[in-house]
Amino acid sequence: MRELHVSQIVEKVKNMVMDAEYNLPEDFVKALETAENFEESPIGREIIETILENAKVASTEKVAYCQDTGYPVFFVEIGQDVHITGGSIKDAINEAVRQATKEGYLRASLAYDPVFDRKNTGDNTPALIYFDIVPGDKIKIKFAAKGGGSENQSKQIMLRPADGIEGVKKFVLKTIANAGPNACPPFTVGVGIGGTFDYSAVLAKKALFRPIGHRHPDPKIAVLEEELLQLANQLGVGPLGFGGTTTAVDVKIEIAPVHIASLPVAVNIQCHANRHSEIEI
């Protein structure tokens, strides 16, 4: 049994949060650089160039890439042979977010009461944390700063099994088209198919962590990802919604077993502030 003190978790998670807020992932930057070469719209190319320049400034100056520093979302895999000492991992992650918000000068973006007074929590806590127990003695933590603009344009639907693959494609493309400029494209699009009403949305969010261009291991799903990406870029939304051929840089799908009477589908839109990171402790 490996023992791990919560202080180690706090420090490492604090650093990963600030790093994600300052630096766009390398795979996403490379995807934008490639898209700039193929974008047919002059305005679209100029916007992509500006996005890339903004990314350089944020990284160099160690400032938040976007003023919306997002809802902190974590996927945590805890090895069953790890014993956490000195407190709870949940409290440690929230303390890390609290410290990162203060030290990194990140905007506080969470309201504790969703309906009535909408009072800000002041420190971007509590974070949304999904836990999973896995073999081994390591802890893997994945973090995403989920901005409100793209999250607001994400959708879920309970299709009929008879709607089939065409129903899935129609819903995904409609969601991307309707998101338009409101979700700050170019997008990364996560799609969850199967499971239950709630789990399809979790799958869609998890899909966003897969590296850009890494296809699903099921060849049929991999083909569907490529097809949806091509169709999304024919919608004409373009960078920041000004038109063009770069509406999305990738579409990634995760699937799960499903009830015989159901076909849940969720689409989680990620804006060009594609901030995420992961560590292993």
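Small disclaimer: the values here were computed from a predicted structure and weren't measured.
Listed for the Arg45 side chain is no donor-acceptor partner under 3.5 Å among the backbone atoms of Ile43. Using modelled atom types, no side-chain atom of Glu61 and backbone atom of Val63 make a donor-acceptor pair closer than 3.5 Å. Checked by atom type and distance alone, the side chain of Arg275 never pairs as donor or acceptor with a backbone atom of Pro25 at under 3.5 Å. Under the 3.5 Å distance criterion, the side-chain polar atoms of Glu39 are matched with a main-chain donor or acceptor of Thr246. The closest donor-acceptor contact from the side chain of Asp91 to the backbone of Gly87 lies at 3.5 Å or more, if one exists at all. Looking at Ser277, its side chain does come within 3.5 Å of a backbone N or O of Met16 through a donor-acceptor pair. With hydrogens and angles disregarded, a donor-acceptor distance shorter than 3.5 Å links the side chain of Lys252 to the backbone of Leu208. In this structure, Asn152 contributes its side chain and Gly148 its backbone to a donor-acceptor pair below 3.5 Å.
When side chains are defined from C-beta on, Val191 does not count as touching Leu224, because their heavy atoms never get closer than 4.5 Å. The side-chain heavy atoms of Ile176 and Val189, taken from C-beta on, include a pair separated by under 4.5 Å. By the 4.5 Å heavy-atom criterion applied to side chains, Phe74 and Val17 are counted as neighbours. Between Glu254 and His216 the shortest side-chain heavy-atom distance falls below 4.5 Å. Residues Pro72 and Leu128 are not in side-chain contact: their nearest non-hydrogen atoms beyond the backbone lie 4.5 Å or more apart. Contact of the Gln270 side chain with the Phe187 side chain is not registered, since no non-hydrogen atoms from C-beta on lie closer than 4.5 Å. Looking at Gln8 and His5, their side chains come closer than 4.5 Å, going by heavy atoms from C-beta outward. Thr188 is listed as a side-chain neighbour of Phe28, based on a closest heavy-atom distance under 4.5 Å.
Screening Asp68, Ile269, Leu240, Ile51 for a side-chain contact (heavy atoms from CB on, under 4.5 Å) with Cys184, the sole residue that qualifies is Leu240.
Applying the 6.0 Å contact sphere to CD of Glu26 captures no more than 12 heavy atoms from other residues, nucleotides or ligands. More than 12 non-hydrogen atoms from other residues, nucleotides or ligands lie less than 6.0 angstrom from NZ of Lys169.
Neither side chain, Asn178 nor Thr175, offers a donor N or O lying under 3.5 Å from an acceptor on the other. Looking only at atom types and distance, the side chain of Asn268 has a donor-acceptor partner in the side chain of Ser154 under 3.5 Å away. Of the N and O atoms on the side chains of Ser150 and Lys146, at least one donor lies less than 3.5 Å from an acceptor on the other residue. At a cut-off of 3.5 Å, with distance as the only test, a side-chain donor of Gln156 or Ser200 sits close to an acceptor on the other residue. For the residue pair Glu40/Thr245, the side-chain donor-acceptor check at 3.5 Å is not satisfied.
Contact detail for Pro185 and Gly238: the closest heavy-atom pair is CG-O, 3.3 Å. Pro114 and Tyr112 get closest at one heavy-atom pair: CD-O, 3.4 Å. Annotation for Gly194 and Leu203: closest pair O-CD1, 4.3 Å, computed over non-hydrogen atoms. For the pair Leu173 and Ala232, the tightest heavy-atom approach, listed with the atom from each and the gap, is CD2-N, 3.7 Å. Of all heavy-atom pairs between Asp123 and Thr101, the closest is O-OG1, 3.2 Å. Here the shortest heavy-atom pairing between Gln153 and Gly149 reads CG-O, 3.4 Å.
Ile48 and Ile212 fall within a single hydrophobic cluster, where Ile, Leu, Val, Met, Phe, Trp and Tyr are joined by side-chain heavy atoms under 4.5 Å apart, directly or via other members. The same ILVMFWY cluster, assembled from side-chain heavy atoms under 4.5 Å apart, contains both Ile133 and Ile139. Val251 and Leu159 fall within a single hydrophobic cluster, where Ile, Leu, Val, Met, Phe, Trp and Tyr side chains are chained together by heavy-atom contacts under 4.5 Å. By the criterion of side-chain heavy atoms lying less than 4.5 angstrom apart, applied directly or through intervening Ile, Leu, Val, Met, Phe, Trp or Tyr residues, Phe143 is grouped together with Ile281 in one hydrophobic cluster. Under the 4.5 Å side-chain contact rule for hydrophobic residues, Val97 and Val10 do not share a cluster.
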Applying side-chain contact (heavy atoms from CB on, under 4.5 Å), run through Glu103 and Lys14 and close with a yes or a no. CA-CA 9 Å; Glu103 294 180 26; Lys14 179 189 72 173; 3.2 Å; yes
Show, in sequence, the C-alpha distance, side-chain angles and deciding distance for Asp113 and Val115, and conclude whether the side-chain contact (heavy atoms from CB on, under 4.5 Å) test is met. CA-CA 6 Å; Asp113 185 332; Val115 179; 4.1 Å; yes
Go through Asn23 and Ser59 one step at a time and tell me if the side-chain hydrogen bond (donor to acceptor under 3.5 Å, both in side chains) criterion holds. CA-CA 5 Å; Asn23 302 289; Ser59 180; 2.5 Å; yes
Let me see the working for Val168 and Leu263 under side-chain contact (heavy atoms from CB on, under 4.5 Å), right down to the final yes or no. CA-CA 9 Å; Val168 171; Leu263 181 53; 4.2 Å; yes
Determine, stepwise, if the pair Lys30 / Glu33 fulfils salt bridge (Lys or Arg N to Asp or Glu O under 4.0 Å). CA-CA 5 Å; Lys30 288 182 177 179; Glu33 290 172 344; over 6 Å; no
Under the salt bridge (Lys or Arg N to Asp or Glu O under 4.0 Å) rule, what do Lys205 and Glu151 come out as? Steps first, then yes or no, please. CA-CA 10 Å; Lys205 195 168 251 83; Glu151 195 74 354; 2.8 Å; yes
Step by step, would you call Thr85 with Glu3 a side-chain hydrogen bond (donor to acceptor under 3.5 Å, both in side chains)? CA-CA 7 Å; Thr85 62; Glu3 289 197 351; 5.0 Å; no
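Distance check, rounded to the nearest 0.5 Å: CD of Glu95 to OG of Ser7 gives 11.5 Å. For the atom pair OG1 (Thr121) and CG (Leu110), the distance works out to 5.0 Å, reported to the nearest 0.5 Å. How far CD of Gln99 is from CE of Met18: 8.5 Å, rounded to the nearest 0.5 Å.
The side-chain contact (heavy atoms from CB on, under 4.5 Å) test applied to Asp81 returns Asp137, not counting sequence neighbours. Asn233 is linked by a side-chain contact (heavy atoms from CB on, under 4.5 Å) to Leu229, Thr247, Ala248, counting only residues two or more places apart in sequence or in another chain. Annotation: side-chain contact (heavy atoms from CB on, under 4.5 Å) contacts of Phe131 (sequence neighbours excluded): Val76, Ile78, Ile89, Lys90, Ile129. Judged as a ring pair (Phe, Tyr, Trp, His ring centres under 6.0 Å), and not counting sequence neighbours, Tyr71 has no contacts. Every residue was checked against the side-chain contact (heavy atoms from CB on, under 4.5 Å) condition with Lys170, not counting sequence neighbours, and none meets it. Taking Arg215 as the reference, Glu225, Glu226, Asp250 meet the side chain to side chain donor-acceptor pair (under 3.5 Å) condition, with sequence neighbours excluded.
Note on Asp117 versus Lys119: no salt bridge recorded, every NZ/NE/NH1/NH2 to OD/OE distance being 4.0 Å or above. Of the charged side-chain nitrogens involved, none lies within less than 4.0 Å of a carboxylate oxygen, so that Lys138 and Glu77 do not count as a salt-bridged pair.
Ring to ring, Phe75 and Phe209 are close: their centroids are under 6.0 angstrom apart.
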